[in-house]
Amino acid sequence: MQIESLIKTSLQSALREIYNVEEQVIALQPTKKDFEGFYTFVTFPYTKSLRKPPVEIGNALGQYLVEHSGVVSNFNVVQGFLNLSIAESAWIEALNALALNPDFGFAPANGQSVMVEFSSPNTNKPLHLGHLRNNFLGDSVSRILKANGFNVSKTCLVNDRGIHICKSMLAYAKLGNGETPESSGLKGDHLIGKYYVLFDKEYKQQIETLVAEGMSKEEAEKKAPWILEAQQLLLKWEQGDAETLALWKQMNEWVYAGFNDTYQKIGVSFDKTYYESKTYLLGKDAVDEGLAKGIFYKKPDNSVWIDLTAEGLDEKLVLRGDGTSVYMTQDLGTTDLKFSDFHSNKSIWVVGNEQDYHFQVLFAILKRLGRTYADGCYHLSYGMVDLPSGKMKSREGTVVDADELVAEVTAAAAEEGNSKGKIEDFSEAEKQRLFSMLGLGALKYYLLKVDPQKRMMFNPAESVELHGHTGPFIQYTHARTRSVLRKAVQMGVDWAKPATAVPLANSEREVIFTLTQFPERIADAGRNYSPALISQYAYELAKAYNTFYAEVSILQEPDAEAQHARLLLSQAVADGIQKAMGLLGIEVPERM
RNA sequence: GGCCCCAUAGCUCAGUUGGAUAGAGCAACAGAUUUCUAAUCUGUCGGUCUUUGGUUCGAGUCCAAAUGGGGUCACCA
């Protein structure tokens, strides 16, 4: 970090003194592997205004940097590319600065606060693979924003009411026979999910029967006995019918117990949970306000609309003719509520990209209503998770269940871990803890390494993979660094102090260079709300260290000062990996 | 059909905001362990960056169009 900023400042002076050019922002890029050097400055942009060949400019600037920057030891110019080599003393100084700073990479508090809403489960079925991508993204983005100095609040909006819940309730009332999680041995959310599936089965059956009797499919879908009964149940729920509410409450309790179990297992938590059953009536004030301000208008049937054609959107309904809410009404109300609860500067919704349009409209309305927070609203839109067999569809049973998946990856980690024979002294509990750490590490990393915006392919075999570009590879590298450091302690070496300048192997410089990038990468990930950038970084760091590890010896190094520097480097890598993986919500083991 | 997103190696993905000969992992093949954790490392193989045009010193990256894939256009959430 400081190397880079020193070069940039020095380049600014050089441009000023040699060419009388004032440059506000200097762009440096890492030098390509095939060339000598670590930082590259491109001189092409100056050839026109200075009327000088790029090589001449490069030579002049390079010469200046060697003489004045204090960190550039050498340079070469290829075409218009000025490649800079860095002095050993500068590398060591950079290493000392970052390795001995426990907060390295993290920004101090910036006085701003942000809410991150994610997970948003339905209470009629267990969490699945799609939820996992959502949860991991939301959790990781929260951690990344915190590392960028924000005060972060994690919220969850539970969809606990509506026709879909009534479907599970109806099937349970008809077929349940008083079954409970205890009596069935099923997790609460799975038990409820079972009845949701049973409802759908019976419903389809009824539609078929009606169609066979000559009814059209559309009509049959509306007139099938069970859908009518489910609608009745929803009506009763809204009227506050005691029996219905009791059943609803009972079933929700089971579901929440199941969810909590899953959340705990995957290491995700929330500061505040909102329930739609409590917020679904909100937003009518905002509608009145919009009408009073002339932003909304009424149609003859009393329904309320907003015309967003000026923003390139359409007309949108915000309240039904009978005065009841739609999705948008609720979201307006809930957003007001959240901002008044937290007084945040920003709010982020982690929601799938099928709702891109909804959020465009929501934000446009908030702006029209003059909400001061409207500019701080952001939809973190992510792509669907596909299976090799195609799309996941819950009704067709082609979903990958979250709990089962976690169990599978843990089992895969256990099989590999037990076969290595490195942890035979671990207790059963310690082993279990490690395998779950590794399994989850594999899964989280697999889902987070892909750019959130993109649709991704979930390949079950690859998700439990423990080698290559995976979470366990990085976890392994951490365990490796810790092992070296433990042995150094046993040898009585004290490395927790500044190292002195020693000759470095290129792989060593490469590791320090990667380490210095950390703060910038965290800032980048924060700006882009992208855990993928952090996962990429963690991988690069681990890879650089492993290359270094294979090339030079640490504990066998006879030169005490060289050994000191390498231990400090190992320490910095261990910390860096732990922090980077921590931003992904992935723990790293001491041994594996 | 309107609008939005995506298209890079056989497969899964990167590509640092427009820079050099486009990179990883997996798969395939060849090596490295009397040595600090081989869940590792080194190498080989693998590319018309979907197509066409434009912008400029320079385009995988920016603009336009076409093609293909997905989403969305509900008084569902």
Side-chain angles (χ1 to χ4, degrees), chain A residues 27-35 40 42 44-45 47-48 54 78-81 83 120 122 159 161-164 276 280 299 301 303-305 312-314 316-322 324-328 330-331 352-358 360 381 383-384 386 388 391 413 416-417 419-420 422 438 446 449-451 453-459 461-462 465-470 472-477 479-488 491 517 520-521 524 528 532-533 535-537 539-540 542-543 545-557 566 570 591-592:
Chain A
L28 281 180
Q29 57 190 14
T31 303
K32 284 237 163 199
K33 291 277 176 286
D34 310 330
F35 300 91
T40 293
V42 183
F44 287 116
T47 51
K48 217 173 195 178
V78 182
Q79 296 171 46
F81 298 94
N83 301 321
S120 313
N122 287 348
N159 185 352
R161 64 163 284 282
I163 190 71
H164 50 288
E276 275 192 23
Y280 82 109
K299 286 198 177 176
D301 66 354
S303 59
V304 182
W305 295 72
L313 305 168
D314 299 311
K316 186 78 188 176
L317 177 89
V318 293
L319 195 71
R320 288 192 189 109
D322 62 7
T324 56
S325 306
V326 290
Y327 182 35
M328 189 58 72
Q330 284 181 49
D331 249 11
N353 63 8
E354 69 271 14
Q355 292 198 36
D356 283 356
Y357 187 74
H358 170 78
Q360 271 188 46
S381 162
M384 234 181 246
D386 284 325
K391 273 177 75 165
E416 175 105 3
S419 73
K420 300 275 178 199
K422 291 181 187 174
L438 297 176
Y446 183 80
K449 73 175 172 182
V450 181
D451 181 357
Q453 189 186 35
K454 290 188 181 169
R455 228 184 144 78
M456 72 175 287
M457 175 65 71
F458 181 85
N459 184 325
E462 280 176 21
E465 187 54 57
L466 310 166
H467 308 261
H469 189 181
T470 66
F473 163 79
I474 301 166
Q475 290 170 314
Y476 170 78
T477 308
R480 198 177 222 190
T481 58
R482 290 295 177 202
S483 170
V484 172
L485 295 170
R486 270 195 308 273
K487 295 224 159 92
M491 290 163 60
Q517 304 279 308
E520 201 183 307
R521 301 292 279 271
D524 206 19
N528 293 294
L533 298 177
S535 68
Q536 193 69 31
Y537 177 76
Y539 179 65
E540 284 167 25
K543 225 172 147 34
Y545 184 81
N546 282 328
T547 300
F548 153 78
Y549 184 90
E551 195 181 293
V552 303
S553 171
I554 301 167
L555 299 175
Q556 265 85 51
E557 169 58 46
R566 285 171 198 171
S570 301
R591 288 176 54 192
M592 66 184 271

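A note on names: the letters A, B, ... follow the listed sequences, proteins ahead of strands, and every chain is numbered from 1.
Nucleic acid contact class of A:Glu276 (heavy atoms, under 4.0 Å, all strands): sugar-phosphate only. Heavy atoms of A:Glu551 sit nowhere under 4.0 angstrom from any nucleic acid atom. A:Thr47 comes within 4.0 angstrom of no nucleic acid atom, judged by non-hydrogen atoms across all strands. Contact annotation for A:Asn159: backbone-only contact, meaning every heavy-atom pair under 4.0 Å involves sugar-phosphate atoms and none involves a base. Within 4.0 Å (heavy atoms only), A:Asp301 reaches at least one base atom of the nucleic acid. Among the heavy atoms of the strands lying under 4.0 Å from A:Tyr539 are primed sugar atoms or P, OP1, OP2 only; no base atom is included. If you check every strand for non-hydrogen atoms under 4.0 Å, A:Lys32 touches a base. A:Lys48 comes within 4.0 angstrom of the backbone, heavy atoms only, and of no base. Among the heavy atoms of the strands, none lies under 4.0 Å from A:Ile163. Residue contacts for A:Met456: at a heavy-atom cut-off of 4.0 Å it reaches the sugar-phosphate backbone alone, with no base atom in range. Using a 4.0 Å heavy-atom distance criterion, A:Lys422 is classed as a base contact. A:Pro30 comes within 4.0 angstrom of a base, heavy atoms only. Across all strands, A:Val552 comes closer than 4.0 Å to base atoms (heavy-atom distances). Backbone-only contact: A:Val484 has heavy atoms under 4.0 Å from sugar-phosphate atoms and none from a base.
Along RNA chain B, the nucleotide nearest to A:Arg455 and the one nearest to A:Ala27 differ in position, and the one closer to the 5' end is contacted by A:Ala27. Comparing A:Phe548 and A:Arg161 along RNA chain B, the residue whose closest nucleotide (by nearest heavy atom) sits nearer the 5' end is A:Phe548.
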*Which dot-bracket notation, 5' to 3', represents the base pairing of RNA chain B when pairs are defined as Watson-Crick or G-U with both distances under 3.5 Å, crossing pairs as [ ], and inter-strand pairs as |?*
(((((((..((((.....[...)))).(((((.......))))).....(((((..]....))))))))))))....
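No close placement of the A:Phe81 and A:Phe35 rings is indicated, their centers lying 6.0 Å or farther apart. A centroid separation of less than 6.0 Å is found between the aromatic rings of A:Phe548 and A:Tyr545.
Rounded to a whole angstrom, the distance from the P atom of B:rU51 to that of B:rA22 is 16 Å. Rounded to the nearest Å, the gap between the P atom of B:rC5 and that of B:rA20 is 27 Å. When the C1' atom is compared between B:rU17 and B:rA32, the two are found 40 Å apart, to the nearest whole Å. Spacing of C1' atoms, B:rU61 relative to B:rC6, comes out at 15 Å, to the nearest Å. With both ends at atom P, the span from B:rC45 to B:rG10 equals 15 Å, rounded to whole Å. Comparing the C1' positions of B:rU34 and B:rA28 gives an interatomic distance of 32 Å, to the nearest angstrom. Taking atom P on both nucleotides, B:rG15 is separated from B:rU55 by 29 Å, rounded to a whole Å. Nucleotides B:rU21 and B:rA27 place their P atoms 32 Å apart, quoted to the nearest Å.
For A:Tyr539, there are no side-chain hydrogen bond (donor to acceptor under 3.5 Å, both in side chains) partners two or more places apart in sequence or in a different chain. Evaluation of the ring-ring contact (aromatic ring centres under 6.0 Å, His included) rule for A:His358 yields A:Tyr327 as partners, not counting sequence neighbours. In this view, A:Arg320 and A:Thr324 satisfy the side-chain hydrogen bond (donor to acceptor under 3.5 Å, both in side chains) rule, not counting sequence neighbours. Not counting sequence neighbours, the partners of A:Thr31 by the side-chain hydrogen bond (donor to acceptor under 3.5 Å, both in side chains) test are A:Thr40.
Remark: A:Lys316 is not positioned above the aromatic ring of A:Trp305, lacking an NZ or CZ atom under 6.0 angstrom from the ring centre and at most 45 degrees off the axis.
Looking at A:Ser483, its side chain never comes within 3.5 Å of a backbone N or O of A:Ala479 through a donor-acceptor pair. In this structure, the side chain of A:Arg591 engages the main chain of A:Lys422 through a donor-acceptor pair within 3.5 Å. Formation of a donor-acceptor pair under 3.5 Å by the A:Asp524 side chain with backbone atoms of A:Glu520 is not found in this model.
Rounding to the nearest 0.5 angstrom, the gap separating the CG atom in A:Asp386 from the CZ atom in A:Arg455 is 4.0 Å.
A 4.0 Å heavy-atom criterion places the boundary nucleotides of RNA chain B facing chain A at B:rC5 to B:rA77, written 5' to 3'.
Because its glycosidic torsion is within 90° of 0, B:rU17 is reported here as syn.
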